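Everything below concerns the one structure shown next.
Note that this is a predicted model, so its numbers are computed, not measured. So you know, we letter chains A, B, ... as the sequences are listed, proteins then strands, and number each from 1.
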Amino acid sequence: MRKVYDHKAIEKKWQRVWDEKKVFQTDNDTSKKKKYILDMFPYPSGAGLHVGHPLGYIASDIVSRYYRMNGYRVLHPMGWDAFGLPAENYAIKSGIHPDKITKSNIKTFKRQLRSLGFSYDWSREINTSDPEYYKWTQWIFLKLFEKGLAYKKKALVNWCDSCQTVLANEQVIDGKCERCKKSVIQKELKQWFFKITDYAEELLADIEKLNWSESIKSAQRNWIGKSKGATIKFEIDISNSDGNSKSKKTNLKQILNTNNQISKQYIEVFTTRPDTLFGATYLVCAPEHKQISNFKFQISNWNEVEKYIEESKKKTDLQRSDLSKEKTGVEIKGFKAINPVNNKEIPIWIADYVLNTYGTGAIMAVPAHDERDFEFASKYNIEIIKVIEGGKLPYTGKGKMVNSGKFNGQQSDEIIKKITRLTDGKLTIQYKLRDWLISRQRYWGVPIPIIYCANCGIIPVPEDQLPVELPTDVDFFPNGESPLTNSKTFHAVKCPNCDSPARRESDTMDTFVDSSWYFLAYTTDKISNFKFSRCFNRDLNINESSEQISTANHWLPVDIYVGGAEHAVMHLLYARFITKVLRDIKILDFNEPFMSLKNQGMILAEDGRKMSKSFGNVINPDDIVDVYGADTFRLYEMFIGPFSDTKSWSTKNIAGVNRFIKKLFNIEYQNDGTIEEYTKIKIEQLKKSVSDDILNFSFNTAIAKMMSFIKDKNLHLNKKFWQEFLILFSPFAPYASQELWAMTGEKGLIVNENWVKIDKLKLNESTKDYMVIIGGKKLGSLKLITNISDDEIIEEISKDQIITDKLNNKKIEKIKIHENVIILM
RNA sequence: GCCGCUGUGGUGAAAUUGGUAUACACGCAAGACUUAAAAUCUUGUGGUCUCAACAACCGUGUGGGUUCGAUUCCCGCCAGCGGCACCA
């Protein structure tokens, strides 16, 4: 009679046993080798778990189970990235406190994750909105503040009017808010920054050491955007200006008096192509360029210039960076710049295609070698100076040199040095990376631990007063100021220095600060025992028991990090930065948090579009688990395609893996009896390839090979081989494999079994299938013993009917053996 | 424009260091069981030619090259996806 696969009963039964026996509690036996296998923790959204989440979690779970069975101690935790805007926005609509919403969402997420049979150690669960957690987020802020790496400054920042908060550069996509997709405007505001630019060079250089995908590494390189070049000074010849010389002279005097400087004035430009200096046709300054307004008395067409500056200010970043837009600009009249290499006088323009935030905010335009400069010069009929006129420096950089084409590639150091010597310029390295803007004018985040005192200025909250807890008596309605300002209990405080009345900082931190260190928090048995000062420092002699010192640091860094590629720049760059800062203050002793990173591909809906509520094409994992079971769900997501590829959901295909599991419940095997060689070799091959595939994250092929194995009619299993198969299968389908394991009469749990041992002798069988080839064409195949002479092979070939027929009496002169191929000549 | 990745049946996809394609699964077709359907099982399934089988030839985006042999390596194109982008 056919046995029925009742997935619900099996799941319920074994879930209870696992919980009771605490089988997934972290093993702290330090005599074993460690593996820290980490998933990117989710934001617990109101929509619940999405089918995209488990893809990575299943993979990391398979790998964790594999390592545990191979005798490693494994840290495999899960937690919640719980602060953030959606909960707050929902609170504004519903009036329910974000904390309450978040906790209820977490409950749902946790239930869903548990139903999928993941082997997380839930006792180490963390939640970034828990004061026990975020006091350490605040502690990190204080450390950065101490080091001068956290600072407040007035700057043009990205402002989202709809979210009523500032955004980091990384959160602005195509000039729009990452979250609400509304246009972002530029506002001058006083904000908190982390000085990530101090680490630009190291963040870039260390990318080479990482075992990450090429696409993520290249995204980080692009974002950091290093260019080597030179800054070159162009003298401005004010005396030589035409126009009304009388008023000019008095005004020049004014400048000399106020600035207390010698009469020479310069504009500095940054260029990656100093070798084209001879072709500099004009200078262009960004409209915001600071020096321009200093010269307003020398500029004869100031009215026109000022008007252009005002117009540019009104434009959004998106409007200004629109490539399809025609370039605009205004020539500055009244004085010119002098090319230091040939003393040629060239005009100065302002134009908004030059960015004030990059380089020096001014460029030398070389229309003969730059497409954009060429376009601009053509539009305004500027006479183009060819490099050849002034003589050209030998070009030794990589990349193309074309007329009116954009340069690509890096300039060689040699040429840059030569030019800088010639012109009193200097070698300069520029990065596109800018400092990380971390303050937010919203409620549901970590309060910045800073106090403003009228006497003492900006004072950090003393460490022993952490955490600065979020008050509950606030209105959430965003009005451009942090909601914390309207709390009665939060705002007023005494200065820790002088005890006079002071006020707290009311901004909160970007949630990416929370997630930039969370992987450290899991290393202590529970978050309330966590302490940076004693956990991570191996160098300092701290009066703590050695046990406490060893429990944390031995796990780090993370060995395998699994998550979505959407975090290519933000989270991954920030976490790398914070790690390096903590290393520099001797809290950590490694350079990179995640040596190996695996990105799961996106799962699209059946219609090939993104899953989204508005399309009505969202698949809820609960429904699949309910109908087919957790194991089918796990197998399906792993079998659907290569782990890191984008793929579409296909409900039809779930049946395939479900059939496979059902088949296993009707497998027959002999209790003993002799097993023929064929089966023995096949099981060894399966053991080898499933093990290899797991380590390579090639789960789809591992499953395919297990299916082939079960399908093979020539196999005859005994109990030993069947149990070995179940061990191979157990990381993929923990419930079904456990049930089948128990059905073989075993009382113990399969998770406590050792991984299979591979019999290498059997694997490298003594006979081999050889392919016989002539002139690149296949004649047939031969089964031969290894270690056979050429003459014997020729004799074997002459005995083979199929091959001799195809040979058609052709004489074999020589043979060559390569791998499993016999080449006839 | 620059950087990175990808391109294989009707579909999702396999293929050690180059070893002679399309594993596994879906779908489809035929058959078995059934009053019937579902489920399950069996067989077949790249294309052309052929009643059919064998055989042959063509086939991994495209055009070349290296090689006894190329999905794999090299060069040139084309298409798609992702990142960056008036970054000088």
Side-chain angles (χ1 to χ4, degrees), chain A residues 2 173-174 213-227 229 269-274 276 284 286 320-327 351-355 357-366 369-373 375-376 399 405-409 430-434 565-566 568-569 599 601-602 635-636 639-642 644-657 659-660 662-663 666 688-689 692 698 700-711 713 770-779 781 805-806 816 818-825:
Chain A
R2 297 197 62 80
I173 313 292
D174 294 331
S213 76
E214 212 34 63
S215 62
I216 301 274
K217 291 206 274 188
S218 118
Q220 293 223 347
R221 280 189 211 106
N222 282 339
W223 189 260
I224 296 168
K226 180 181 181 177
S227 303
V269 302
F270 172 72
T271 177
T272 55
R273 289 292 304 276
T276 62
V284 193
R320 279 185 58 170
S321 62
D322 185 0
L323 269 166
S324 59
K325 171 204 92 167
E326 217 177 82
K327 295 183 187 6
D352 66 8
Y353 81 92
V354 172
L355 306 174
T357 46
Y358 184 77
T360 61
I363 61 157
M364 62 177 202
V366 187
H369 287 280
D370 186 288
E371 227 169 44
R372 294 155 307 171
D373 297 341
E375 187 195 326
F376 191 78
K406 198 175 161 184
F407 169 74
N408 57 74
Q430 279 292 334
Y431 300 93
K432 287 195 253 181
L433 184 71
R434 293 188 228 160
E566 69 275 14
V569 277
N599 295 113
M602 234 196 327
L635 278 182
Y636 172 67
F639 189 61
I640 187 172
S644 54
D645 281 13
T646 302
K647 47 227 152 197
S648 296
W649 188 264
S650 161
T651 305
K652 269 185 191 166
N653 284 289
I654 295 172
V657 286
R659 266 176 218 144
F660 175 58
K662 284 182 189 164
K663 254 181 232 166
N666 287 288
K688 172 89 168 77
S689 48
D692 288 352
S698 183
N700 55 333
T701 56
I703 294 167
K705 283 162 193 164
M706 289 190 276
M707 286 172 164
S708 290
F709 181 80
I710 291 302
K711 208 180 156 182
K713 296 245 164 53
Y770 287 89
M771 190 160 46
V772 184
I773 274 166
I774 189 160
K777 302 267 180 198
K778 185 179 178 181
L779 295 178
S781 50
D805 278 1
K806 286 199 189 163
K816 217 164 82 182
H818 204 261
E819 308 272 317
N820 59 332
V821 180
I822 300 165
I823 302 157
L824 308 181
M825 293 171 160

Inset, instruction - Using a 4.0 Å heavy-atom cut-off across all strands, classify A:K688 as base, sugar-phosphate, or nothing. - result: nothing
Legend entry - A:N599 side chain vs A:S644 backbone, donor-acceptor pair below 3.5 Å: no
Legend entry - Pairing partner of B:C57 (Watson-Crick or G-U wobble, both distances under 3.5 Å): B:G47
Give me the distances for all protein-to-nucleotides 21-28 of chain B N/O pairs that come in under 3.5 Å?
| from | atom 1 | to | atom 2 | distance (Å) |
| --- | --- | --- | --- | --- |
| B:A25 | OP2 | A:K711 | NZ | 2.8 |
| B:C26 | OP1 | A:R659 | NH1 | 2.2 |
| B:C26 | O4' | A:N653 | OD1 | 2.8 |
| B:C26 | O2' | A:N653 | OD1 | 3.2 |

Legend entry - Geometric class of the A:F270/A:Y358 ring pair [parallel <30°, tilted 30-60°, perpendicular >60°]: perpendicular
Inset, instruction - Give a yes or no on whether the ring-centroid distance for A:W649 and A:Y636 is below 6.0 angstrom. - result: yes
Legend entry - Under 3.5 Å on both distances, the Watson-Crick or G-U partner of B:A85: none
Inset, instruction - Give none if B:U72 has no partner; otherwise give the nucleotide forming a Watson-Crick or G-U wobble pair with it, both distances under 3.5 Å. - result: none
Legend entry - Heavy-atom donor-acceptor pair, A:K647 side chain to A:D645 backbone, under 3.5 Å: yes
Inset, instruction - Counting Watson-Crick and G-U wobble pairs only, both distances under 3.5 Å, name the nucleotide matched with B:G7, or none. - result: B:C78
Inset, instruction - May I have the distance from A:I823 (atom CD1) to B:G69 (atom P), rounded to whole angstrom? - result: 10 Å
Inset, instruction - Find the distance between NZ (A:K432) and CG (A:N222) and round it off to the nearest 0.5 Å. - result: 6.0 Å
